[in-house]
Amino acid sequence: MTSTSTDQPRKTLPARLGLSGGAAALKVRFIGVIVFLALLGIAFSALTPRFATLDNGRSILFTAAILAVAAVGQAIVVLTGNLDLSVGAIMGMAAYVIYDIAGQNPVLQPYVVVLAILLGAILGAFNGFLVAVLQIPSIVATLGTLSIYRGFVSFYANATEVTSGQLPPWMRMLATASWFGLPAYVWVALAIVITTAVALRVLPWGRKIYAYGSNPKAARFFGLNSTRIIIGAYVAAGIIAAIAGLLLGAQVGNINSLLASGFEMQVLAAVVIGGVSIWGGSGSVYGAAVGAIVLATINNGLVLLQVQEYYRLLIQGAAIVAAVAVDALVQRRIHSATTRRRIMEVVE
Amino acid sequence: MSVQASSAQPLARLRIEHISKNFEAVRALHDVSFELQPGEIHALIGENGAGKSTLVGIITGLVSADTGTLSLDGTAVSFRNPLEARAAGLAAVYQDPNLFPHLSVAENIFTGQYPRKGLAVDSQTMRRDARALLTKLGFDLDVDRLVASLTVAEAQFVEIARALSSDLRLLILDEPTSALTPGEAQKLYSVVARLKEEGTTVVWISHRMEEIRMLADTVTVLRDGGHVKTLPSSELDDDAMIRLMVGRSVALEAVARVDALGESRLSVRGLSVPGLFDDISFDVHEGEIVGVAGLVGSGRSEIAQAIFGLSPNLLGSIAIDGAAVTPKNPRHMSERGVVYLPEDRDAEGVISTMTITDNIGLPSIKRLNTFGFMKPKKERELAANQRTSLSIKGEVTDLVSSLSGGNRQKVAIGRWLATNPKVLLLDEPTHGIDVGTKAQVHDIMRDLARKHRLAILMISSDMQEVLAVSDRVLVISRGRLAADFDIADATQERILAAASGAGLKEGAE
């Protein structure tokens, strides 16, 4: 007889580790990223005494904060199996346009976050419309909106800058403030990461995003509205990107129309390294945030070691490819486990 | 559950009236009417393509009917999606598990209808209710496990648990036991019996005669999209059921073979792929067409694919013209003269965005270039030759996407004939093709076998086609060679009996 082992439920990795359930499997992947981060830390500490200091730790977290916020938004879209390449452009537009308007109308200065939410929702909804309603592959649709949004900022800016004096003073203060020993931005990022994670876990909205990303075909049988799910994910991503834009703008001070251009690559790298599956359906925003810290750590360590820029690109690239390769393997395992290929009866 | 406690007049649970459905030119269902009674197990049987799946789709709101009505317990209903049907107490478990692999068992059971606590999903209630549903099925499963880690049987029970709601009136199971072991199937039988006692109507779609005999109260037979009969199962024996399923009047013309067969071109001995099929042996001779019958999912296509080098873990031996070959990959096999035409020709058989010329030239690119540059003139000649000999409608510069199904199939055949193959493996060569073109494709096949001395292995679900074209018929049932008939001994009844596992291995050789 053939030795089809499907009769005995094979133990999954989390089960073998004594953990149980879906949350546990995510945890295992999450642990993988943490282990990678720890190894990086050990390596850099061994190579330079300047790495393992409290100040340097703060500096890494500060660099990672904005990237982590943007990565959280991107993760929501990636969970549906799509991409948002326009994230950098949305950040740039939000920072430039909103600070410019608020600079000219000081009454609006306390409400810049509300404006960011509105603008981010509109830009995200447009992305979602292209992907879900017009069914344009997301990589092309958001490549297009990247250009459109960036082009609009350049047109709007007309080669001028928003100077740091025009920014709301409280945002400028936030950028340099330190609370309980950590930069304020780190706390803001932490709050956004946790809020998003809880929303994804607790709200039906979040569960549907995971479900749709896991198996879009089954979603139809379950009566899920895919259009609404995808647009919802892009709107959330747009809002978070716009807020990340405000944070970045307040940090740099003088904002030109090219703020955050090329940022999408860093953001996608963080998401993928953080263990969010590019095929959708699995991963967590905590992972994406840790992915951002990994990238910030690599940058930081290499700067301290005074190595050339191209090493950074090489290492970052290798980390992305390795993360996706692991994902591809997992994906194949899942696929072969859920596709019914057993035809013969196993005689008992 | 909602037991219909002796209501005054017996209302049908579901009345299906005059349902028709066409998919473009293909008639899937035609004026189907019958009733399902409360608390019965109703077997729905028919050959591949008889319209069972379409009917289930219409009942559950996945597919919309062109005409006709459904009434549930006396009220007219029409569902726009499976969720609406489910809200009304109708649920279906489809042939392939459709679950979310990355989510937990509990989440899979409740996706689309999460219990809420305010705005949030009430995880505790969800897990508790999921556990209760599984216990009700007599199935002990950790509700926190990811579906990706389940066995096929476990996934199937998750789907059934999903279908159970507080007020389940009708449960449709489409080939529910085809991937289960006998022990697992037994479990499912007792669940179904329990549901029946609770007043739920169960529609059981199956090809397994022994199951139908054992479980069903009533049997409905569909054939070619039409309703044939609805009868109490006690009034039907296996033979009668098979007769009702196959009894067709339209006949394709069979042409007797006159030339003698040559040497064996494809010889297969003890071929196995663990889990898919086991110990398959046969020969296809020069000039012979061997039909492969069997139910969809019996392993027929997998056998052809394995011979073409698409399966790793292949056991057994294969010889082409007497020379032993171990299939490595499709290119390796096509270099040895073996060609496979897949069933889904639009996805796998032709490249519809390219012209007829480009399609036909593709496998012959090696012969058609000098130093890496294509020779357009030779390519056009080759395409023109194939077009004439196969009478493909349309110019060689036409895009394949502009052709009809039959002509696309001819292009698919033509592109491989241009490589001068020895063995042709055809998977459902006339699926979805109109009768006229069907006969043409059959003529082409006969021509290839008789005149060009090819060995042809043809997988087909169309019984008429198998009988009309084949010189010999292999019947595959659940991954095993169930019968090997000479065409003179083959009848629809005998083939179907072998395919459903009713008889033991019989036939010549």
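In what follows, every chain begins at residue 1, and chains take the letters A, B, ... in the order their sequences are listed. What you see is a predicted model, and the numbers here were worked out from it, not measured in a lab.
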Original post:
Side chain, backbone, both or neither: which part of B/Arg80 has a heavy atom under 4.5 Å from chain A?
Top reply: neither
Original post:
Heavy-atom distance under 4.5 Å to chain B: side chain of A/Leu203, backbone, both or neither?
Top reply: both
Original post:
Is the side chain of A/Ser282 donor-acceptor paired with the backbone N or O of B/His102 at a distance under 3.5 Å, no angle test?
Top reply: no
Original post:
What is the distance from atom CE of B/Met126 to atom CZ of A/Arg207, rounded to the nearest 0.5 Å?
Top reply: 4.0 Å
Original post:
Would the number of heavy atoms belonging to other residues, nucleotides or ligands and lying under 6.0 Å from CG of B/Leu315 be above 12?
Top reply: yes
Original post:
Between B/Phe100 and A/Ala218, which heavy-atom pair has the shortest distance, and what is it?
Top reply: CE2-CB, 3.8 Å
Original post:
A/Tyr210 and B/Glu107: side-chain contact (heavy atoms from CB on, under 4.5 Å), yes or no, with the steps?
Top reply: CA-CA 10 Å; A/Tyr210 275 98; B/Glu107 284 178 305; over 6 Å; no
**OP:** Report yes if some heavy atom in the side chain of A/Leu224 is under 4.5 Å from a heavy atom in the side chain of B/Thr111; otherwise report no.
**Re:** yes
**OP:** List the atom of B/Leu119, the atom of A/Pro204, and the distance in Å for their closest heavy-atom pair.
**Re:** O-CD, 3.2 Å
Original post:
Which region of A/Ala199, side chain (C-beta onward) or backbone (N, CA, C, O), has a non-hydrogen atom less than 4.5 Å from a non-hydrogen atom of chain B, or is it both or neither?
Top reply: neither
